[in-house]
Structure formats: structure tokens, C-alpha cells
Amino acid sequence: GEKGSVNGVKSKETNSMTEKFTARISLKNVEFSYNADREWNLQIAQLEIEEGCQVAIVGPSGGGKSTLADLILGVIEPDKGEITISDIPPREVIQKWPGIIGYVPQKITAFKGSLVENVTLGASFEEVSIDRVNDVLNLSHMNKNLNSVDSFNFEVMDRGTNLSGGQLQRLGIARALYSDPKVMIFDEATSALDGQTEAAIAETINMLKGRVTV
Ligand code: ADP
Ligand code: MG
């Protein structure tokens with residue numbers, strides 16, 4: 001419509017009236033392996049992340065951090081044990097409350113098109129909430145960082161070649177924030193960044209404190 005609305009957000013509000021979402025993540029006796037030989041496997045006896053908490057998982061490359069992220073996102077399912085968000089499996093959460101879990105991948109990809117399109121991805125022009133886009137561009141520090149008078153008309157080049165690594169990372173955060181998530185998963189969000197950009201992204205994560213489980 002003229003004022004703009006986001007269907008995903010609307011349906012989430014409708015759902016949350018009948019059932020309340022609690023941004024608490026729980027893993028119990030989880031075991032996961034990519035292969036039948038179980039040469040590499042991930043075991044987590046217990047992990048409880050309370051609503052509004054910010055938790056960092058630290059470990060060596062190949063230690064299983066991304067695997068854990070994918071398990072929590074419901075992209076892959078455990079061989080044994082239980083993973084719940086708001087007391088139900090991640091895949092059910094996504095069906096019930098689309099957009100309530102946000103994900104910032106390690107490598108952000110951008111495409112030729114407007115910055116707005118790059119933030120809102122699949123949303124049709126009529127669905128796009130301009131206020132929401134502005135909010136997430138501010139929250140992710142994308143607005144401040146682009147130094148463009150009109151970031152709405154900023155044109156991203158093919159594969160985002162006119163964006164720096166830090167700007168791409170901010171775009172990834174803006175995208176994830178667009179659906180107003182209550183859970184945000186960052187997979188090494190700052191691993192490829194310079195110190196200054198890392199500090200700015202840490203500041204963004206700080207702003208989410210208490211509001212979003214990170
Ligand atoms: P981290 O994110 O901590 O670097 P990963 O979760 O990516 O670790 O990887 C954990 C282990 O699982 C590594 O040994 C990796 O090679 C392996 N692995 C990751 N993804 C796959 C996959 N899709 N198929 C098979 N093995 C994988
Ligand atoms: Mg990883």
C-alpha cells in the first residue's frame with residue numbers, strides 16, 4: 001500500500017497474539033555428523049541461551065561453529081538430541097513466525113540493483129516498508145557509512161563490487177534486521193574486517209542488547 005507494509009511482519013503479529021514467542025535457545029544431548037562414518041561429529045550435552053542474551057561461540061577453524069549455527073537455524077537437523085527455540089524445533093519456529101530468526105552469514109553477497117532491493121530481497125515494491133528500511137540502514141550504520149545523500153537511490157553494482165567488505169557486512173546485518181528478528185545469528189560477522197569496521201559492528205550488536213538474543 002501507499003504507506004508500505006511487510007506481510008511477514010504482519011502475519012507474525014497475528015501469530016504472536018495467539019502464542020507468545022520466547023527468544024530462548026536450548027540444546028540437549030545433541031549429536032550431529034555430516035557423514036555416516038562419523039569421522040567428524042559435533043556433540044553438545046547442554047546449551048541454554050536465555051532470552052535477550054548475547055553469547056559468543058569460540059573455537060578453531062573446523063571446530064563446528066558454522067555447523068552449530070546451521071543446527072540452530074534448522075538448516076540441518078541433529079542425528080540425536082533436541083534443539084528448540086521457544087520450546088519448539090527451529091523449522092516449526094520459521095513456519096510459525098517467519099522472519100523471527102535473523103542470520104548474518106560469513107560471506108555476504110550483493111547483486112546489481114538498488115540498495116533497498118539489496119536489503120529487502122524478495123519483497124515486492126508495494127510490500128516494502130520505507131520506514132523499516134531506514135531503521136535497519138541506521139541500525140547497521142549503512143546510512144552513515146555510504147556517505148550518500150540519498151542511500152535509497154544508491155545503486156549496487158553486480159556482485160557488490162562498489163561496496164567495501166565493511167559495507168557488505170553492514171548490508172548483511174541490515175538484511176537480517178529487516179524482518180525484525182528476535183534471534184540473530186552471526187557467523188563470524190567480523191572475521192574479515194578491519195578494526196574500525198569491527199568496532200562499528202560490535203556497536204550495532206551492542207544496540208541489540210536485551211532486545212534480541214544474539
Ligand atoms: P567452523 O565454522 O568452526 O570453522 P564448520 O562447522 O564449518 O567449522 O566445520 C566443522 C567440520 O565439519 C569440519 O571438519 C568441516 O570440514 C566439516 N564440514 C562442514 N560442512 C560440511 C559439509 N557440508 N559436509 C561435510 N563436512 C562438512
Ligand atoms: Mg565457520
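These numbers come from the heavy atoms of this one structure, side chains and all, not from hydrogens, waters or symmetry mates. Indexing begins at 1, ligand by ligand and atom by atom, following the structure's order. Just so it is clear, the model here is predicted, and its values are computed rather than measured.
- Heavy-atom separations between P60 and ligand 1 include at least one value shorter than 4.0 Å.
- Looking only at atom types and distance, the side chain of S26 has a donor-acceptor partner in the side chain of E48 under 3.5 Å away.
- For atom 1 (P) of ligand 1, a protein heavy-atom neighbour is found at a distance under 4.0 Å.
- Shortest non-hydrogen contact noted between K182 and A23 is O-CB, 3.4 Å.
- Nearest to atom 23 (N) of ligand 1 among the protein's heavy atoms is Y34 CE2, 3.6 Å.
- Against a heavy-atom cut-off of under 4.0 Å, S61 is close to the following atoms of ligand 1: 4 (O).
- By the definition of a contact as any protein heavy atom under 4.0 Å away, atom 15 (C) of ligand 1 is not in contact.
- Under the 4.0 Å criterion applied to side-chain N and carboxylate O atoms, K112 and E155 are not assigned as salt-bridge partners.
- For CZ of R38, the number of neighbouring non-hydrogen atoms (other residues, nucleotides, ligands) closer than 6.0 Å is greater than 12.
- Although no hydrogens or angles enter the test, the distance criterion places no donor-acceptor pair under 3.5 Å between the side chain of N206 and the main chain of A202.
- Ranking protein heavy atoms by distance to atom 13 (C) of ligand 1, first place goes to G62 O, 3.7 Å.
- Taking any N or O of K65, backbone or side chain, at least one lies under 3.5 Å from an N or O belonging to ligand 1.
- The nearest N, O or S atom of S61 is not closer to the Mg ion (ligand 2) than 2.8 Å.
- Heavy-atom separations between G59 and ligand 1 are all 4.0 Å or longer.
- Looking at atom 5 (P) of ligand 1, its nearest protein heavy atom turns out to be T67 OG1, 3.7 Å.
- Of all protein heavy atoms, the one closest to atom 7 (O) of ligand 1 is S66 CB, 3.7 Å.
- Under 3.5 Å, the side chains of D194 and T197 contain a donor-acceptor pair of N or O atoms.
- For atom 8 (O) of ligand 1, the closest non-hydrogen atom of the protein is G64 N, 3.1 Å.
- F111 is not connected to L137 by any chain of hydrophobic side-chain contacts under 4.5 Å among Ile, Leu, Val, Met, Phe, Trp and Tyr, and they are in different clusters.
- To the nearest 0.5 Å, atom NZ of residue K28 and atom CD1 of residue I44 are 13.0 Å apart.
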